[in-house]
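Structure record follows, encoded as structure tokens.
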2 protein chains.
Amino acid sequence: MNETQAVTALSALAHRHRLQIFRLLVVAGPTGVPAGEIAEAIGINPTALTFHLKELANADLATATREGRYVRYALHVDGMRRVIRYLTEDCCQGRKELCGLPTMRGRETCKPRAARERA
Amino acid sequence: MNETQAVTALSALAHRHRLQIFRLLVVAGPTGVPAGEIAEAIGINPTALTFHLKELANADLATATREGRYVRYALHVDGMRRVIRYLTEDCCQGRKELCGLPTMRGRETCKPRAARERA
DNA sequence: TGATTATTTCAATATTAGTTGAAATAATGA
DNA sequence: TCATTATTTCAACTAATATTGAAATAATCA
């Protein structure tokens, strides 16, 4: 993940409705949710919904799959993980006790990148 | 953390220079970095720097402490952790294998909130 | 095929966020 | 106190984002 991609992802999340949509997709998991159901849950009109879903998809945080006349949107898990990693990378120079950050798949998020890459 | 706070934090991060500043503070850890040093590292003018630092501080992602004529900015670790938690809460309905999310201080980020709170 | 439902596109408008330079405030040291 | 360095404030300007309604496209079903 590079800086531009990270800014795109964070911008996508930095909006009330898109954040609501994102969290809905996070909870829903890989099965996803049809657009119409999202619209109803969030309470916005179809034009706005399409606009916001596109922002999320463009930011690699969601995927779209057509199913007949519905389009089902799902969380793009890797996209989500990449942003978080980008934010927390190299934190506190690896002194985990200073930031209490989580571990990511067994590797310390908080370990300096160089050390992680040697491992 | 509520929705508004999360949007504020994500908006603060959703800018090239602020993201650079944030990551600088993440690496620096609790010691922080004087404003002037940040300006030099990022390469922006003092007015812009103040503007962006204020956004980060206002979003609870950074703190400012005056030290003589310098002002030292540091990462606000709890703020950072709260946004990440807000984003990943209740993911995949607790089926961690679906999202490969990190654990947060021993508690599964990916476990449903209700289950976490019972624990 | 024609009616219906779901989603997307387009263009106009409205809103919010970012940049700039000049001037103000804060602290230090000669 | 006066000169110097550090940071912040202010106001004008510029640029990027979001919202809206009407119309188009996609797919299903009678």
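Letters go in sequence order (proteins before strands), and every chain restarts at 1.
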Take the protein atom [atom1] of [X] and the nucleotide atom [atom2] of [N], then report the distance between them rounded to whole Å.
{"X": "A/Phe51", "N": "D/dT17", "atom1": "CZ", "atom2": "C1'", "result": "6 Å"}
{"X": "A/His17", "N": "D/dA18", "atom1": "NE2", "atom2": "P", "result": "12 Å"}
{"X": "B/Asn58", "N": "C/dA17", "atom1": "CG", "atom2": "P", "result": "11 Å"}
{"X": "A/His15", "N": "C/dT16", "atom1": "NE2", "atom2": "P", "result": "10 Å"}
{"X": "A/Leu53", "N": "D/dA18", "atom1": "CG", "atom2": "P", "result": "13 Å"}
{"X": "A/Ile44", "N": "D/dT20", "atom1": "CD1", "atom2": "P", "result": "10 Å"}
{"X": "A/Arg16", "N": "C/dT16", "atom1": "CZ", "atom2": "P", "result": "13 Å"}
{"X": "A/Lys54", "N": "D/dA18", "atom1": "NZ", "atom2": "P", "result": "14 Å"}

Protein-to-nucleotide contact annotation, 5' to 3' order, nucleotides 11-16 of chain D [B base; S sugar-phosphate only; - none; under 4.0 Å, heavy atom]: ------
Base versus backbone protein contacts along nucleotides 1-7 of chain D [heavy-atom cut-off under 4.0 Å; B, S, -]: ---BBSS
Pairing residues for A/Arg72 by the side chain to side chain donor-acceptor pair (under 3.5 Å) criterion, not counting sequence neighbours: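 With neighbours one apart ignored, the set is A/Glu67.
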Kindly indicate whether the side chain of [X], heavy atoms from C-beta on, has any atom under 4.5 Å from the side chain of [Y].
{"X": "A/Leu53", "Y": "A/Val71", "value": "no"}
{"X": "A/Val83", "Y": "A/Leu61", "value": "yes"}
{"X": "A/His52", "Y": "A/Ile44", "value": "yes"}
{"X": "A/Arg82", "Y": "A/His76", "value": "yes"}
{"X": "B/Arg18", "Y": "B/Glu55", "value": "yes"}

Given A/Val77, A/Thr63, A/Val33, the one that forms side chain to side chain contact (heavy atoms under 4.5 Å, CB included) with A/Leu25: A/Val33
Comparing A/His52 and A/Glu67 on DNA chain D - which has the more 5′ nearest nucleotide: A/His52
B/Gln5 side-chain N/O to B/Asn2 backbone N/O, donor-acceptor pair under 3.5 Å: yes
Presence of A/Asn45 side-chain N/O under 4.0 Å of D/dT20 phosphate oxygens OP1/OP2: yes
Straight-line distance of A/Asp78 CG to A/Met80 CE, nearest 0.5 Å: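 The distance works out to 9.0 Å.
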Given C/dG18, D/dT19, C/dT19, the nucleotide with the shortest approach to the side chain of B/Arg18: C/dG18
